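Quick note on labels: first sequence line is chain A, next is B, and so on, each numbered from 1. None of these values were measured; they are calculated from a predicted model.
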Number of protein chains: 2
Amino acid sequence: VSSILPSAVNELIEVLSKLPGVGPKMASRLAFYLLQKGKDDINQITDAILGITQSLRQCQKCGLIAENDLCPICQSQTRNEHQICVVEDSLDVVAFERANSYQGVYHVLGGVLSPIDGIGPEQLRIEQLMARLVEHQECEIILALNPSLEGEATADYLKDEIMKVNSSAVVTQIARGLPMGSDVEYADPTTLVRALEGRKEF
Amino acid sequence: VSSILPSAVNELIEVLSKLPGVGPKMASRLAFYLLQKGKDDINQITDAILGITQSLRQCQKCGLIAENDLCPICQSQTRNEHQICVVEDSLDVVAFERANSYQGVYHVLGGVLSPIDGIGPEQLRIEQLMARLVEHQECEIILALNPSLEGEATADYLKDEIMKVNSSAVVTQIARGLPMGSDVEYADPTTLVRALEGRKEF
């Protein structure tokens, strides 16, 4: 950002550099890329950004970002409502759906517990999850939070809460282990420990 | 991009993933980052993008992106007009100005010769550079193009053209060598050859 550039360009660079994963260098490049574009291309981008400010909400059941009160998955008659996969955010649901093998439903927490960032149980969609569990006495809750410290702590917390509300629920967690295509040689120690713990008869 | 997400979100991800340096993963993250933002933040971003579509032009003299017919540098009375630093684009000017030591003026070519991409001399601001050289019989042209194959080829071409128009002009090129803070050990062979060629008495 420099005083020799037009203020509109400096402002754009400043705004872009606040986006996650976009540093000042990339912000400059993006700004000059946009400068080379015509008004139509620019309007396409701004229209797309403004498009998400309109009529989007969270699915009232699972919390997935949705156009209507219920997301397509919760609306579907073919999904197994007795299997609820708990994830951190909507993109995790997209990842599971892309894998195209899970037939249950989801619950989007909206993050993980993180006291440092001021995120306690009230900031997440935990109460809504418990409400769903009361409805379905017999169900499996699949915990699919990210394998981070916060994710694991949140999983522990959820397990306790679920047991309080519905002691007949089965709580499972997706496996930790070596991702496909990876190398044992380069795997981190924690992953190897988890992979060993999770070993199965072959 | 998935059918379970609202179409507005899918569209935004698609548009963002076309930006340079933004892959599909980063586009998804950016889209969900924007989804969490309020209307004010979103409007700030779109306003900043739309801001550059208004009243920006190239400096009539040097080609730098500018608000007026002349950029602040070409308007300045204190810059040495007999020293013209030729760069590829406006961001290169910003880099030199940040270094805060050059007192001459600039000429922004708008790229480098690249026959494969259909960029010949007519696509660059070469004619405008020659016009400036006719005005100043005694001058130094400092070639500061990127040290790439195309940059070097463009520098060779420019040197020939400059000599045709103004044989009393002095054409120089900024030094190639080891960047500050780098390691001889990790320097690529071409850089080392250039650094050797450019050695000076110590």
Side-chain angles (χ1 to χ4, degrees), chain A residues 1-9 11-16 18-22 25-26 28-39 41-57 64-68 71-73 76 89-91 93-95 97-98 106 110, chain B residues 1-9 11-16 18-22 25-26 28-39 41-57 64-68 71-73 76 89-91 93-95 97-98 106 110:
Chain A
V1 178
S2 150
S3 60
I4 59 155
L5 290 179
S7 55
V9 178
E11 266 160 45
L12 179 57
I13 293 174
E14 212 183 303
V15 164
L16 292 177
K18 282 180 198 155
L19 296 175
V22 179
K25 261 196 182 172
M26 186 169 177
S28 298
R29 278 200 204 130
L30 282 174
F32 276 82
Y33 170 83
L34 293 172
L35 273 169
Q36 290 166 358
K37 290 280 156 187
K39 279 209 173 181
D41 288 315
I42 298 277
N43 285 334
Q44 200 201 359
I45 294 169
T46 52
D47 286 351
I49 295 174
L50 292 171
I52 59 163
T53 62
Q54 282 145 14
S55 75
L56 287 186
R57 62 202 89 174
L64 186 72
I65 184 90
E67 265 155 349
N68 305 302
C71 74
I73 295 169
S76 166
D89 56 46
S90 292
L91 281 178
V93 174
V94 175
E97 289 299 294
R98 204 182 288 132
Y106 296 92
Chain B
V1 180
S2 151
S3 61
I4 59 153
L5 290 180
S7 54
V9 178
E11 266 161 46
L12 179 58
I13 292 173
E14 213 183 302
V15 164
L16 292 177
K18 283 180 196 154
L19 296 175
V22 180
K25 259 195 184 173
M26 188 170 175
S28 297
R29 279 202 203 129
L30 282 175
F32 275 83
Y33 170 83
L34 294 173
L35 273 169
Q36 290 167 356
K37 290 281 156 187
K39 278 208 172 181
D41 287 313
I42 298 277
N43 285 334
Q44 197 200 3
I45 293 169
T46 52
D47 287 350
I49 295 175
L50 293 170
I52 59 162
T53 63
Q54 282 147 13
S55 74
L56 287 186
R57 59 202 91 175
L64 184 73
I65 184 90
E67 265 156 349
N68 305 303
C71 74
I73 296 170
S76 166
D89 57 45
S90 292
L91 281 178
V93 174
V94 175
E97 289 298 295
R98 204 182 288 133
Y106 297 92

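Counting heavy atoms from C-beta outward, A:N43 and B:L50 have side chains that approach closer than 4.5 Å. Using a 4.5 Å heavy-atom cutoff, the side chains of B:L34 and A:L19 are in contact.
In this structure, the separation between CG on A:L35 and CD1 on B:I49 is 11.5 Å, given to the nearest 0.5 Å. Interatomic distance, A:K37 NZ to B:K18 NZ, rounded to the nearest 0.5 Å: 9.5 Å. B:T46 contributes atom OG1, which lies 12.0 Å from atom CD1 of A:I45 (distance to the nearest 0.5 angstrom). Taking CD1 from B:I65 and CG from A:L5, the interatomic distance works out to 8.5 Å, rounded to the nearest 0.5 Å. Rounded to the nearest 0.5 Å, atoms NZ (B:K39) and CD1 (A:I52) are 11.0 Å apart.
Under the side chain to side chain contact (heavy atoms under 4.5 Å, CB included) test applied with B:P6, the options A:L64, A:L56, A:N68 reduce to a single match, A:L56.
Heavy-atom minimum distance, B:P20 versus A:L30: O-CD2, 3.7 Å. The two residues B:G21 and A:M26 make their nearest non-hydrogen contact at O-CE, 3.3 Å. The minimum heavy-atom distance between A:E67 and B:A8, with the atom names listed, is OE2-N, 4.3 Å.
The candidate with the highest count of non-hydrogen atom pairs below 4.5 Å against chain B, out of A:D41, A:D89, A:L91, is A:L91. Options A:A31, A:S7, A:G51 differ in how many heavy-atom pairs under 4.5 Å they form with chain B, and the most are formed by A:S7.
Contacts between B:I73 and chain A at a heavy-atom distance below 4.5 Å involve the side chain alone, from C-beta outward.
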